[in-house]
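Step one of this worksheet: look at the structure below.
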Amino acid sequence: MFYPESPIHLLQDGGPVDFGPLCALPQYACTFEVVQGENSRWNPHSWFARMRAAALRLHTTFLIYLEPDVLVRRRHITEPQHDAGGIFDNYNPAVHEETVAYVERRGRERVPCFQLEWKHFGLAGGSYFRAEAVIDAFDPAHVQRIDWGPMQWREGDKTMSSDFAMVVALACRGWKVSPWNESAQNFERRGLPPDEAGREEFRRQWPAYNPSAAFEHDHKEHYSDTVPEEHVRLVRELPQTPQTCHGCIWYGAEGVRLPGPEPPRPPRAEDWYSTTRKSNPSLE
């Protein structure tokens, strides 16, 4: 509706519904792909490959990456200024300085004066990516050169999170990532100050709270929505397949699993906000 001239690629990651016939309808005009079911959120092994394949398929200058829990309010107004941009996630822990030094050293192999300006991650749904950067940085030849093992010791399980791993891969090739004011986080269901002054102060501290942004991440309330009645006859069920490996980092000829059990859930905004709120009564 907001991007009628833009190609849309819909990827079904292990879900039970074949949306192919819907994508063939003129009002959607999207391409549809069914892939192996897996916890891709924690499997950069295939995440890089899938993002790169989408960039090659779409033939656009930029991609806007959407997840099922992203609310799209309007077409974006602020044009992308960098190579990738997402949520201003200062509610998440910053990247360790050792990791910053590592990715900057690697990035300077291609861009001599490269610096990592944004030391968080935030490349969740509602982020944009320069297609050229995705095709280059997510190439298996470059991904396989990244030393993920020591990074996991420093950064913990978020190393295997796509939000984090994509920033690392882009930085290691000297591509610039910075927050985008069109990409926001939904804080409504976590409890916001009731008055306008309190909300404005909240926004100053947590810029990811931006109700006017084009894209807002973390809207789980639509997960149970069904296909519109007029389209039910067009969809059919897909066979379910077991999920593949969790926590794989490399891709190419072989996948290499980092040691350790399946990672726990990633950090959530409410966890970080709750901790900070207890130490900062002004947020109450």
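We number each residue from 1, following the sequence as shown.
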State, to 0.1 Å, how close [X] and [Y] come at their nearest heavy-atom pair, and which atoms those are.
X: P207; Y: N210; answer: O-CB, 4.1 Å
X: Y91; Y: A208; answer: CE2-CB, 3.6 Å
X: R145; Y: Y102; answer: O-OH, 3.6 Å
X: F164; Y: T159; answer: CD2-CA, 3.6 Å
X: L71; Y: H219; answer: CB-CD2, 3.6 Å
X: V227; Y: F19; answer: CG2-CE2, 4.0 Å

For the pair [X] (side chain) and [Y] (backbone), establish whether a donor and an acceptor sit closer than 3.5 Å, ignoring hydrogens and angles.
X: K158; Y: E155; answer: yes
X: H222; Y: D69; answer: no
X: E67; Y: G125; answer: yes
X: S183; Y: G126; answer: yes
X: R110; Y: R173; answer: yes
X: R73; Y: P211; answer: yes

If you round to the nearest 0.5 Å, how far is [atom2] of [Y] from [atom1] of [X]?
X: M151; Y: I146; atom1: CE; atom2: CD1; value: 6.5 Å
X: E188; Y: N186; atom1: CD; atom2: CG; value: 6.5 Å
X: Q152; Y: W148; atom1: CD; atom2: CH2; value: 11.0 Å
X: D163; Y: H120; atom1: CG; atom2: NE2; value: 13.5 Å
X: S127; Y: M166; atom1: OG; atom2: CE; value: 6.5 Å
X: R57; Y: R50; atom1: CZ; atom2: CZ; value: 12.5 Å

Kindly write out the residues that satisfy ring pair (Phe, Tyr, Trp, His ring centres under 6.0 Å) with [X], not counting sequence neighbours, or none if the list is empty.
X: F32; value: none
X: F129; value: none
X: H231; value: Y28

Partners of P4 by side chain to side chain contact (heavy atoms under 4.5 Å, CB included), sequence neighbours excluded? R75
Using the test side chain to side chain contact (heavy atoms under 4.5 Å, CB included), find all partners of Q81 that sit at least two apart in sequence or belong to another chain. E79
Test question: given the 4.5 Å side-chain rule for I, L, V, M, F, W and Y, name all other residues clustered with [X], or answer none.
X: L58; result: L63
X: I8; result: none
X: L56; result: I135

Donor-acceptor pair between W206 and N90 side chains, under 3.5 angstrom: no
Test item: side-chain donor near acceptor, D139 and H142, under 3.5 Å: no
What pairs with R74 under salt bridge (charged side-chain N to carboxylate O under 4.0 Å, His left out), at least two apart in sequence or on another chain? E182
By salt bridge (charged side-chain N to carboxylate O under 4.0 Å, His left out) - contacts of R203 (at least two apart): none
Does any non-hydrogen side-chain atom of [Y] lie less than 4.5 Å from one of [X]?
X: V17; Y: Q12; answer: yes
X: L170; Y: L123; answer: yes
X: T31; Y: C23; answer: no
X: R108; Y: Q115; answer: yes
X: F202; Y: F187; answer: yes

F88 vs W118, ring-ring contact (aromatic ring centres under 6.0 Å, His included): CA-CA, chis, key distance, verdict: CA-CA 9 Å; F88 198 113; W118 181 242; 4.6 Å; yes
For [X], I'd like to know if atom [atom1] has over 12 heavy atoms of other residues, nucleotides or ligands within 6.0 Å.
X: E237; atom1: CD; result: no
X: R204; atom1: CZ; result: yes
X: E229; atom1: CD; result: no

Does any pair with a residue in residues 57-81 pass ring-ring contact (aromatic ring centres under 6.0 Å, His included), and if so which ones, sequence neighbours excluded? Y3-H76, W47-Y65, F62-Y128, H76-W180
Any Lys/Arg nitrogen of D147 or R106 sitting under 4.0 Å from an Asp/Glu carboxylate oxygen of the other? no
All pairs passing salt bridge (charged side-chain N to carboxylate O under 4.0 Å, His left out) where residues 82-92 contributes a residue, at least two apart: D83-R130
Do L22 and L11 belong together in a cluster built from hydrophobic side chains that touch within less than 4.5 Å? no
